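Okay, here's the structure, questions in a sec.
Everything numeric in this text was worked out from a predicted model, so none of it was measured. We count ligands from 1, going down the list as the structure has it; atoms in each ligand are counted the same way.
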Amino acid sequence: MKDTKTVRVVVAGGGSIAQQRHLPEYAANPHAEIAGVFDFNRARAQELCERFGGIPYTSLEAVLADSGVDAVSICTPNFTHADYAIQVLRSGKHVLVEKPMAQDLTETRAMMQAQKESGKIMMLGHNQRLVKAHMKAKELLDAGAIGNLLFYQLNFKHAGPETWTADPGKNTWFFQKAKAKFGVMGDLGAHKIDLIRYLTGSEVKNVFANMMTLNKKYEDGTPIDLEDNAVCMFNLQNGLPGIMHFSWTNYGGEDNGSVIYGTKGVMKIFGDYNDDIVLEMRDGVQVKYSVGGIQTNQNQTKSGVIDEFISAIVEGREPIVTGLDGHNTLAVIETAVRSAEEGRWLDIEY
Ligand SMILES: NC(=O)c1ccc[n+]([C@@H]2O[C@H](COP(=O)([O-])OP(=O)(O)OC[C@H]3O[C@@H](n4cnc5c(N)ncnc54)[C@H](O)[C@@H]3O)[C@@H](O)[C@H]2O)c1
């Protein structure tokens, strides 16, 4: 039974993330109704509407012209995000944009400006800060559970997007610079950069990165023109140093783990234990927390992104993940890529 305060949403791009999270989570939200799906692949849009409701749209213009649509979820390849989001906002609708926010900071700034002028809500799909274990970790860190922070090591590694995408294959858009702009740094790095900003409340100050194409190849056997591995050293503005490894060549499963080192002990999130968070204290005591697991490509649990987007619209408030979060995260991604090209530390210019 849908509520009277119903937000009517169109999902633009009916691929994997739309099918795994956006569409099922809108369908389950009592304040949301799926008005339709817009996808260049008309058969896919049609099939998804039969499953989730609404009507298939054949162009973004048709979505924008429909006064019965309140909001749009952008789940299309990265190069479309800025253009689509700005058009949606200018048409007077709310927008949820998948990560990475855009291709560069000129685009992110234009998106934030369009949001401001429209007075509508723009939320970013950085879902890691909505994972229960990460919310619990922040609560523990803020309470000083492992003392003063000394260092962090964050990983996000899986076997690559060429089997995840709705159009699988070695020539996937994820491997094409013109459509993805970034390789693993934009795909998986975006998640952990937003996460460290959330966990510490600090922006990133500078970065030294190394990016490699170790194993991914196009159909014709040539290496892809984007990085499939990225290793970054960061210093946060609050002085905290750390390292992150993002990989599309983790052929042994998925690693979404974080280790945070403090003066009183070590926090392991999604590490080698069955528990979501384990605190290994300096005196040998172990404290364990089980708070709901993590989504993996194989195990999709509710992301919380859709519920937060709809709540922000219904309550008329800023969402937990804003355009500025997307912009600041993209600034780090862009600078890391440049650092790898130039082989030196670079300050992030926001
Ligand atoms: N938050 C997360 O954890 C997460 C996970 C995966 C993907 N993503 C992001 O979501 C976006 C989509 O990724 P995906 O894995 O679903 O990709 P996908 O390849 O599975 O799906 C993309 C869909 O968009 C359609 N499409 C392509 N170009 C279009 C256009 N110009 N207009 C309309 N439709 C178009 C395709 O036909 C396809 O159905 C990407 O930006 C990706 O980075 C986020």
If you count the atoms of ligand 1 from 1 in the order shown, which ones are under 4.0 Å from a heavy atom of Y84?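 Listed by number with element, the hits are 30 (C), 31 (N), 32 (N), 33 (C).
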
Which of these, P161, A180, C75, A45, has its nearest heavy atom closest to atom 12 (C) of ligand 1? C75

Does the side chain of Y26 come under 3.5 Å of the side chain of S73 through a donor N or O and an acceptor N or O? yes

Take every heavy atom of Q19, measure it against each atom of ligand 1, and state whether any distance is under 4.0 Å. no

Would you say K177 has more than 12 foreign heavy atoms packed within less than 6.0 Å of its NZ? no

S16 and ligand 1 - part of the residue with a heavy-atom distance under 4.0 Å: both

Check each heavy atom of I17 against ligand 1 and say whether those closer than 4.0 Å belong to the side chain, the backbone, both or neither.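 Looking at I17 and ligand 1, atoms from backbone and side chain both fall under 4.0 Å.
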
Just to be sure I'm reading this right: ignoring hydrogens, which of S303, A18, A166, S59 gets closest to atom 20 (O) of ligand 1? Compare them by their nearest heavy atoms.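 That would be A166.
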
Measure from the side-chain N and O atoms of S16 to the backbone N and O of W164, and report whether any donor-acceptor pair falls under 3.5 Å. yes

dist D228:CG -> F246:CZ (nearest 0.5 Å) comes out at 14.0 Å

Evaluate whether atom CD of E219 has more than 12 neighbouring non-hydrogen atoms of other residues, nucleotides or ligands under 6.0 angstrom away.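 Yes, the 6.0 Å shell around CD holds more than 12 heavy atoms from other groups.
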
Give the residue, atom name and distance (to 0.1 Å) of the protein heavy atom nearest atom 13 (O) of ligand 1. W173 CZ2, 3.8 Å

Which of the atoms of ligand 1 are close to G13, meaning less than 4.0 Å from one of its heavy atoms?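 Listed by number with element, the hits are 24 (O).
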
Is the closest heavy-atom distance from H81 to ligand 1 below 4.0 Å?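 In this structure, H81 qualifies as a contact of ligand 1 - some heavy atom is under 4.0 Å.
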
With a cut-off of 4.0 Å, which atoms of ligand 1 are near a heavy atom of G125?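 The list of qualifying atoms is 1 (N).
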
Using only atom types and a distance under 3.5 Å, with no angle test, would you say the side chain of K264 pairs donor to acceptor with the backbone of G147?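 Answer holds: no.
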
One residue to check: R44. Relative to ligand 1, which of side chain, backbone, both or neither has a non-hydrogen atom less than 4.0 Å away?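 It is the side chain that touches ligand 1; the backbone stays farther off.
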
Please determine, by modelled atom types, if N229 and H245 share a side-chain donor-acceptor pair under 3.5 angstrom.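 Yes.
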
If only side-chain N and O atoms count, and only distance matters, is there a donor-acceptor pair under 3.5 Å linking N155 with D255? yes

Option nearest atom 9 (C) of ligand 1 (shortest heavy-atom distance, choices H22, Q20, K99):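 Result: the heavy atom closest to atom 9 (C) of ligand 1 is in K99.
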
When distances are taken from atom 21 (O) of ligand 1, the protein heavy atom at minimum range is G15 CA, 3.2 Å

Which one holds for N127 and ligand 1: side chain close, backbone close, both close, or neither close, with close meaning a heavy atom under 4.0 Å? side chain

Could you tell me whether D39 and ligand 1 have an N or O pair separated by under 3.5 Å? yes

Is F79 in polar range of ligand 1, meaning some N or O pair under 3.5 Å apart? no

With a cut-off of 4.0 Å, which atoms of ligand 1 are near a heavy atom of G14?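 Result: 39 (O).
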
How far is atom 1 (N) of ligand 1 from the closest protein heavy atom, and which atom is that?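 Result: E98 OE1, 2.9 Å.
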
Passing option when R197 is tested against Q237, K192, R129, H126 for side-chain contact (heavy atoms from CB on, under 4.5 Å): R129

Atoms of ligand 1 less than 4.0 Å from T80 heavy atoms? 31 (N)

Are there over 12 heavy-atom neighbours, none belonging to R109, within less than 6.0 Å of that residue's CZ?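 Atom CZ in R109 is packed in, count exceeds 12.
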
Any idea which atoms of ligand 1 are less than 4.0 Å away from a heavy-atom of P77?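 Counting from 1, the qualifying ligand atoms are 24 (O), 26 (N), 27 (C), 28 (N).
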
Proximal atoms of ligand 1 relative to F38 (non-hydrogen, under 4.0 Å):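 So the atoms of ligand 1 that pass are 32 (N), 33 (C).
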
Nearest neighbour in protein (non-hydrogen) for atom 11 (C) of ligand 1: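 Among all protein heavy atoms, the one nearest atom 11 (C) of ligand 1 is T76 O, 3.5 Å.
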
Measuring from I55:CD1 to D66:CG, what's the distance to the nearest 0.5 Å?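 Answer rounded to 0.5 Å: 6.0 Å.
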
Would you call E47 and R44 a salt bridge, taking side-chain N to carboxylate O under 4.0 Å as the test? no

Closest non-hydrogen protein atom to atom 41 (O) of ligand 1, residue and atom name please, with distance? N78 OD1, 2.7 Å

Near T165, which atoms of ligand 1 are under 4.0 Å from a heavy atom of that residue? 18 (P), 19 (O), 20 (O)

Under 3.5 Å, is there a donor-acceptor pair between the side chain of D142 and the main chain of E139? no

Verify the neighbour count for atom CG of N148: are there more than 12 heavy atoms of other residues, nucleotides or ligands below 6.0 Å? no

Does H191 come within less than 4.0 Å of ligand 1, judged by its heavy atoms? yes

Using a strict cut-off of less than 4.0 Å between a Lys/Arg side-chain nitrogen and an Asp/Glu carboxylate oxygen, indicate whether K99 and D187 qualify as a salt bridge.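 Salt bridge between K99 and D187, a charged N being under 4.0 Å from a carboxylate O: yes.
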
Can you confirm whether more than 12 heavy atoms, excluding those of K179, are under 6.0 Å from its NZ atom? no

Atom 3 (O) of ligand 1: closest protein heavy atom, distance to 0.1 Å, is R21 NH1, 3.0 Å

Counting both backbone and side chain atoms, is some N or O of W164 under 3.5 Å from an N or O of ligand 1? yes

